[in-house]
Amino acid sequence: MADTKALTTRAADFSAWYNELIARAELADYSPVRGCMVIRPNGYAIWEQMQRALDQMFKDTGHQNAYFPLFIPQSFLSREAEHVEGFAPETAVVTHGGGKELEEPLVVRPTSETIIYAMYAKWIQSYRDLPLLINQWANVVRWELRTRLFLRTTEFLWQEGHTAHATEAEAEEETRRMLGVYRTFMDQWMAMPVVTGRKTDSERFAGALRTYSCEALMQDNKALQAGTSHNLGQNFSRAFEVTFQTANGELDHVWNTSWGVSTRLVGALIMTHGDDAGLVCPPRLAQYQVVIVPIYRTDSERGAVLEAADRVRKELVAAGVRVHLDAREGMKPGAKYYEWEGRGVPLRLEIGPRDVAAGAVVLARRTGGKKETLPMEGLVPRMFQEMERMQTDLLEAARARREANSIRGATKQLFLDYMEAGGGFVYAGFCGSNDCEAQVKEQTKATIRVLPDEEFRSVPAPATCMWCGRPSVAEAVWAKAY
RNA sequence: CGGGGUGUGGCGCAGUCCGGUAGCGCGCCUGCUUUGGGAGCAGGAGGUCCCGGGUUCGAAUCCCGGCGCCCCGACCA
């Protein structure tokens with residue numbers, strides 16, 4: 001690492017902390033192209049872990065992977081009116097190929113609904129072809145005005161699920177199911193609690209009937225939209241003539257859904273668990289769950305220590321633990337500790353001559369607390385135990401932080417004061433009018449993150465709109481957002 | 001596109017006001033000694049000072065014009 005100084009603290013400058021952490025942990029780097037990032041091996045490894053877990057969950061819910069092209073005929077985008085309005089301003093367009101001007105410009109996909117539903121129109125004829133449940137892992141490009149590593153880059157990696165169903169009810173069920181999959185993933189893998197719910201029209205996906213979202217609260221009390229699931233209704237099937245014959249011979253348009261999460265989740269992970277020493281990675285997503293640092297002075301100590309360390313490593317590998325033995329020479333143990341802490345490795349085992357003699361290892365946890373000497377005997381189950389505990393502790397800590405920064409039943413004044421004081425989630429009554437939403441955004445920068453699902457709602461439900469005092473039609477969760 | 005900042009070895013910076021031919025810390029390489037929380041010593045490698053003009057005997061430095069990047073805001077996953 002180039003820089004050995006401490007990171008800017010979160011309290012001093014959250015944004016600087018975030019950028020420095022990414023550099024320190026070697027998660028990503030700026031590319032020569034404005035707004036684009038290079039995902040470095042340490043960052044990509046986390047994404048791979050995410051992919052692995054999510055991909056399995058998609059397959060377990062009946063989806064198959066496929067791949068659709070990067071280029072989309074420009075005319076495709078225009079077929080769905082709201083969709084083109086939403087995305088046209090931020091597309092990159094290819095006008096030349098092979099040295100010649102193209103007859104029709106090609107849009108670099110900002111999302112793939114149009115090209116996928118154009119294909120579905122060919123593939124779907126009968127209700128027997130439904131449901132069609134496809135996911136793709138891909139890169140997309142959105143020409144954003146302002147970018148931030150992982151959170152909003154010009155090109156980003158994601159997955160997008162696209163499904164077609166025979167009935168509206170089935171599509172709605174799928175939309176909700178995948179939102180649930182995301183929520184489970186964020187809870188159980190990322191140790192990141194989320195509030196789920198429906199988006200208001202102003203935040204709805206361009207072309208969707210309804211958009212649902214998972215919203216997480218970062219350590220600076222700004223909300224991050226971590227994953228979305230859209231019920232597209234028949235908007236795209238009408239635009240792309242995706243029709244099928246029903247069991248009784250009638251022709252109908254299919255009902256579609258789409259849902260996605262992106263490399264933004266790596267940013268979410270950083271801002272949920274990171275501390276002033278660097279990344280804190282939940283064990284289930286860590287590239288290395290355990291790092292072993294050997295300590296020795298003499299050659300004979302070196303031999304014995306490395307032999308013991310490698311034995312521990314092999315035992316853990318055999319048990320399926322992702323473990324790394326840091327046997328680099330000429331580097332003091334302390335320097336290695338700092339490095340692995342910055343990278344967020346959950347557990348560190350130190351093995352020195354004393355430990356070899358005692359048949360023991362020293363355990364240090366990334367989340368703090370005293371170091372602990374453990375017998376080598378029974379180490380493997382102990383490591384699993386530690387990882388499980390850390391995983392649940394991280395989730396609990398994140399949940400507690402979120403709750404400490406959420407208020408319910410806010411009045412207008414309380415709301416204004418709260419946003420002024422730094423913000424967080426505010427649960428409050430909402431009259432349903434675009435005007436109120438726009439006014440709040442104008443005055444406080446806060447937006448409605450979701451109209452929360454039932455389990456997140458306040459009891460009793462708020463009776464009036466926090467802003468205008470008219471009767472409330474739904475409770476809303478407000479926050480300033482990324 | 002507005003506001004702010006910044007471009008000098010890999011990274012972080014000083015030098016710019018007041019022109020004289022580039023320096024510090026970290027990192028890197030070699031060797032020796034080290035190694036239980038960021039090692040020490042010695043020797044070394046590495047720079048078109050963002051770009052283009054201009055002024056001058058001479059420009060990192062002064063003048064003019066560009067460009068890049070970062071941060072804050074508007075747009076957005």
Side-chain angles (χ1 to χ4, degrees), chain A residues 1-6 8 13-20 23-24 26 29-36 85-91 110-111 140-160 182 199 202-206 211 213-216 223-230 258-268 277 293-299 301-302 305-306 326-342 348-357 360-362 364 371 373 441-442 445 447 449 480-482:
Chain A
M1 290 191 291
D3 184 344
T4 59
K5 288 190 190 125
T8 298
D13 185 343
F14 193 79
S15 178
W17 165 81
Y18 177 81
N19 286 328
E20 288 173 25
R24 178 69 58 86
E26 298 180 344
D29 203 350
Y30 295 100
S31 88
V33 180
R34 186 199 73 89
C36 293
E85 193 186 325
F87 283 104
E90 52 184 58
T91 51
T111 180
V140 288
V141 167
R142 297 182 187 178
W143 215 262
E144 303 287 355
L145 296 176
R146 195 174 151 229
T147 56
R148 301 194 58 162
L149 293 174
F150 288 113
L151 299 178
R152 181 170 299 105
T153 46
T154 301
E155 178 190 9
F156 57 95
L157 305 184
W158 78 346
Q159 59 69 215
E160 47 181 326
Y182 288 154
K199 288 287 193 184
S202 67
E203 302 265 331
R204 188 169 40 81
F205 175 78
T211 287
S213 168
C214 296
E215 297 282 329
L224 186 76
Q225 179 172 308
T228 48
S229 185
H230 316 289
S258 71
W259 26 276
V261 297
S262 71
T263 36
R264 166 178 267 198
L265 289 180
V266 178
V293 177
I295 303 163
Y296 49 79
R297 289 167 201 271
T298 64
D299 268 0
E301 281 177 355
R302 178 176 176 278
V305 165
L306 284 181
D326 186 356
R328 283 175 294 179
E329 297 286 346
M331 199 172 170
K332 296 187 72 164
K336 293 180 183 178
Y337 301 164
Y338 278 96
E339 187 174 306
W340 291 113
E341 277 164 11
R348 181 178 74 232
L349 295 175
E350 305 168 8
I351 303 181
R354 288 205 301 262
D355 307 304
V356 173
V361 297
V362 173
K371 289 188 191 180
T373 301
K441 186 174 183 184
E442 169 75 23
K445 306 267 165 59
T447 51
R449 301 323 301 155
K480 294 179 201 167
Y482 273 95

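Order of the sequence lines fixes the chain letters, A, B, ..., with proteins taken first and strands second; residue numbering starts at 1 for each chain. Atom set for the values below is all heavy atoms of this structure, side chains included, hydrogens, waters and symmetry mates excluded.
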Tell me every residue that passes salt bridge (Lys or Arg N to Asp or Glu O under 4.0 Å) with [X], counting only those two or more places apart in sequence or in another chain.
X	result
R264(A)	none
E442(A)	none
K336(A)	D326(A)

Rounded to the nearest Å, what distance is computed from the [atom1] atom of residue [X] to the [atom2] atom of nucleotide [N]?
X	N	atom1	atom2	result
Y296(A)	U34(B)	OH	C1'	11 Å
E20(A)	C70(B)	CD	P	15 Å
W259(A)	A77(B)	CH2	P	18 Å
E350(A)	U35(B)	CD	P	16 Å
E85(A)	C75(B)	CD	P	15 Å
L157(A)	A77(B)	CG	C1'	13 Å
E339(A)	C11(B)	CD	C1'	15 Å
Y482(A)	A74(B)	OH	P	13 Å

>> Are there runs of at least three consecutive Watson-Crick or G-U pairs touching RNA chain B, with each pair's two distances under 3.5 angstrom? Give them by first number.
In response: B:1-7 with B:67-73, B:10-13 with B:23-26, B:28-33 with B:39-44, B:50-54 with B:62-66
In terms of side-chain heavy atoms of [X], which of [options] is nearest?
X	options	result
K371(A)	G73(B), G37(B), C75(B)	G37(B)
Y30(A)	A74(B), C70(B), U35(B)	C70(B)
E341(A)	G37(B), C75(B), G38(B)	G37(B)
A335(A)	G36(B), A77(B), A39(B)	A39(B)
S15(A)	U35(B), A77(B), C71(B)	C71(B)
L145(A)	C75(B), A77(B), G38(B)	C75(B)

Using a heavy-atom cut-off of 4.0 Å across all strands, would you classify [X] as base, sugar-phosphate, or nothing?
X	answer
N19(A)	sugar-phosphate
P89(A)	nothing
V362(A)	base
E144(A)	base
T263(A)	nothing
K336(A)	nothing
T228(A)	nothing
R328(A)	nothing
L151(A)	base

Taking the [atom1] atom in each of [N] and [M], what is the distance between them to the nearest angstrom?
N	M	atom1	value
U8(B)	U48(B)	C1'	12 Å
C50(B)	U34(B)	C1'	42 Å
C24(B)	G47(B)	C1'	14 Å
G5(B)	U56(B)	P	32 Å
A60(B)	G2(B)	C1'	31 Å
C17(B)	G7(B)	P	15 Å
G23(B)	G44(B)	P	15 Å
U21(B)	C67(B)	C1'	26 Å

> Yes or no on salt bridge (charged side-chain N to carboxylate O under 4.0 Å, His left out) for E339(A) and R328(A), after CA distance, side-chain angles and deciding distance?
Replying inline: CA-CA 12 Å; E339(A) 187 174 306; R328(A) 283 175 294 179; 3.1 Å; yes
>> Counting distance alone, no hydrogens or angles: does the base of G36(B) have a donor or acceptor under 3.5 Å from a partner atom on the side chain of R297(A)?
In response: no
> Any donor-acceptor pair under 3.5 Å between the side chain of K332(A) and the base of G40(B)?
Replying inline: no
> Who passes ring pair (Phe, Tyr, Trp, His ring centres under 6.0 Å) against F156(A), sequence neighbours left out?
Replying inline: W158(A)
Write out a two-atom table: protein N or O, nucleotide N or O from nucleotides 5-8 of chain B, distance below 3.5 Å.
none

>> Quick check on RNA chain B: between P353(A) and A481(A), whose nearest nucleotide comes earlier from the 5' end?
In response: P353(A)
>> If you assign each of A364(A) and K441(A) to its closest nucleotide in RNA chain B, which residue comes earlier from the 5' end?
In response: A364(A)
> Excluding sequence neighbours, so at least two apart, what forms side-chain hydrogen bond (donor to acceptor under 3.5 Å, both in side chains) with T211(A)?
Replying inline: H230(A)
Donor-acceptor pair, distance only, cut-off 3.5 Å: does the side chain of [X] make one with the backbone of [Y]?
X	Y	value
R24(A)	G342(A)	no
E20(A)	T8(A)	yes
E301(A)	R297(A)	yes

> Under 5.5 Å between ring centres and under 30° between planes: true for Y338(A) and the base of G38(B)?
Replying inline: yes
>> I want to check one thing: is the phosphate of G36(B), taken as OP1 and OP2, less than 4.0 Å away from some side-chain N or O of R354(A)?
In response: no
> Just checking, is any N or O donor in the side chain of T447(A) or R449(A) under 3.5 Å from an acceptor N or O on the other one?
Replying inline: yes
>> Among residues at least two apart in sequence or on other chains, which ones pass side-chain contact (heavy atoms from CB on, under 4.5 Å) with E350(A)?
In response: I295(A), Y337(A), R348(A), V362(A), A364(A), K371(A)
> What pairs with Y30(A) under side-chain contact (heavy atoms from CB on, under 4.5 Å), at least two apart in sequence or on another chain?
Replying inline: N19(A), L149(A)
>> Centroid separation under 6.0 Å, is that true for the rings of F87(A) and F205(A)?
In response: yes
